[in-house]
Protein chains: 2
Amino acid sequence: MGRTPAYEADRVVRAAREVFWRAGYEGASVPALEHATGLNRSSIYHAFGSKRGLFDAAVQSYLDDVVRPRLRPLVAPDVVPDAIVTYLSGLRAALGREGEVQATSGCLLVNTSCAPIGDDDAVRRTVADYRAELRAAFGRGVDARFPGRDAAGRAHLADACTSAVVSAFALVRVDPDGARAALDSVLALLATA
Amino acid sequence: MGRTPAYEADRVVRAAREVFWRAGYEGASVPALEHATGLNRSSIYHAFGSKRGLFDAAVQSYLDDVVRPRLRPLVAPDVVPDAIVTYLSGLRAALGREGEVQATSGCLLVNTSCAPIGDDDAVRRTVADYRAELRAAFGRGVDARFPGRDAAGRAHLADACTSAVVSAFALVRVDPDGARAALDSVLALLATA
DNA sequence: TATGTTGTGAACCGACCGTTTCAGAACCAC
DNA sequence: GTGGTTCTGAAACGGTCGGTTCACAACATA
């Protein structure tokens, strides 16, 4: 069988995810990834093949461990009317907690979309699917909150939620107040009957 | 007085702006800037002091030559009711023209916000002010379109326009259809009386 | 034409980039 | 134990990074 790895793969990927999140793909240096993961580069390259391989694993972990758990109440068989509000106000609060990754660096995938690595086809598909996943979840959240409203109105509201979240992620690094304002605005639309 | 520069400063800055727009600050290499501007690095450093100095000039040019001319109808003393619709549908069309910088790379300032350079204080202020400028312009555009509507409703609509534009910029690189959908959604809200 | 100033090209700087190599350590099966 | 396989640390790879240096070209002035 051979020598036993001295690390836990999940922990390594999570640590790398944090580095990519803050610094971006091109800005995350191999020494920084070594330091964060505690692994020597030879082990990183042995396990993941390349910096890009580690990045892909980090993106998968971001989707599985960060995005989808928070979206779960919005994609469950039964969606509670408050689910969409809970999600958005939870995000609003997270963007205010200084020091946390989300507050300082927004969203790994939105950041990726704005960088040259976003031109890569595989990355492009991943981020586009992520946006669609967000939109679908918000669509169900809005439907659960305003079941009586007409379909077009609900769709526009779900679109507004999607745009608010994406723009909040995109701007939080430079303008946390503006990011929170975007979320507050759609929260107000969701509060009115 | 000394030797006459062999270049036109404006042309140099505009060429550099394009490189930063596509590649981002950290991704724009000095050789790439030399090639785009036609200047040797010694001339670049003589004129702008550093890569960052050239970037700052490029950002200023982006605001003066790209952003503000398009926003002008929305900040004029008299704002036409169609101004906001004209702006958004113009942006929608621009995001669809393949090959153009806007379609492939979104917005220089949004991209900057999502990158590590966004942590710089001066950059932070610049992008935050840009967002505020956008929001103010859209506010006037919405006011001109729906003068009879209540203030809160107009504010939420202006917020939705701001978020739609920012998110369209943030996503156009990976998801042009999603970006256009965000704009279409607010355009629909602006079409209804 | 002589002088002082400014712009330009080429060569070079140390630092860092992502990646590879390789010897040896740690484990399994026999 | 022995052999085969896998993981790990250190060192080194060529290439590129942003930035500097310097000799010289090109101009304004006197």
ask   = Do the charged groups of B:R22 and B:E18 touch, with an N to O distance under 4.0 Å?
value = yes

message = What is the distance, to the nearest angstrom, from the OH atom on B:Y45 to the P atom on C:dT6?
response = 22 Å

query = Is any side-chain nitrogen or oxygen of B:S29 closer than 4.0 Å to OP1 or OP2 of D:dC17?
reply = yes

Test item: A:L189 and A:L157 side chains (from C-beta on) under 4.5 Å apart, heavy atoms = yes

request  = Could you state the atom-to-atom distance from CG of B:L39 to P of C:dG9 in whole Å?
outcome  = 7 Å

request  = Determine the contact category for B:Y25: base if any of its heavy atoms lies under 4.0 Å from a base atom, sugar-phosphate if only primed atoms, P, OP1 or OP2 are that close, otherwise nothing.
outcome  = nothing

query = Expressed in angstrom and rounded to an integer, what is the separation of A:F48 atom CZ from C:dG18 atom C1'?
reply = 16 Å

Whole-Å gap separating P (C:dA25) and OH (A:Y7) = 20 Å

ask   = If you look at every strand shown and take non-hydrogen atoms under 4.0 Å, does A:A28 touch a base, only sugar-phosphate, or nothing?
value = sugar-phosphate

query = Between B:D177 and B:R180, is there a side-chain N and carboxylate O pair less than 4.0 Å apart?
reply = yes

query = Can you check the B:R41 CZ to D:dC22 P distance for me, whole Å?
reply = 17 Å

task = Could you pick out which residue, A:T4 or B:R52, lies toward the 5' side of DNA chain D when each is mapped onto its nearest nucleotide?
result = A:T4

NZ/NE/NH1/NH2 to OD/OE distance under 4.0 Å, B:R125 and B:D129 = no

ask   = Where each residue is assigned the nucleotide of DNA chain C containing its nearest heavy atom, which of B:N40 and A:S42 is assigned the position nearer the 5′ end?
value = B:N40

Gap between atoms NE2 and P, on A:H46 and C:dC22 respectively (whole Å) = 16 Å

task = Could you state the atom-to-atom distance from CD of A:E34 to P of C:dC17 in whole Å?
result = 10 Å

note = Contacts of B:V30 and B:G2 projected onto DNA chain D by closest heavy atom; the upstream (5') one is B:V30

query = Would you say A:N111's side chain and A:G106's backbone share a donor-acceptor pair under 3.5 angstrom?
reply = no

query = Between the base of C:dC27 and the side chain of A:R3, is there a donor-acceptor distance below 3.5 Å?
reply = no

task = Mind calculating the distance between NZ (A:K51) and P (D:dG15) to the nearest angstrom?
result = 19 Å

ask   = So what does A:A6 hit on the nucleic acid, given a heavy-atom distance under 4.0 Å: a base, only sugar-phosphate, or nothing?
value = sugar-phosphate

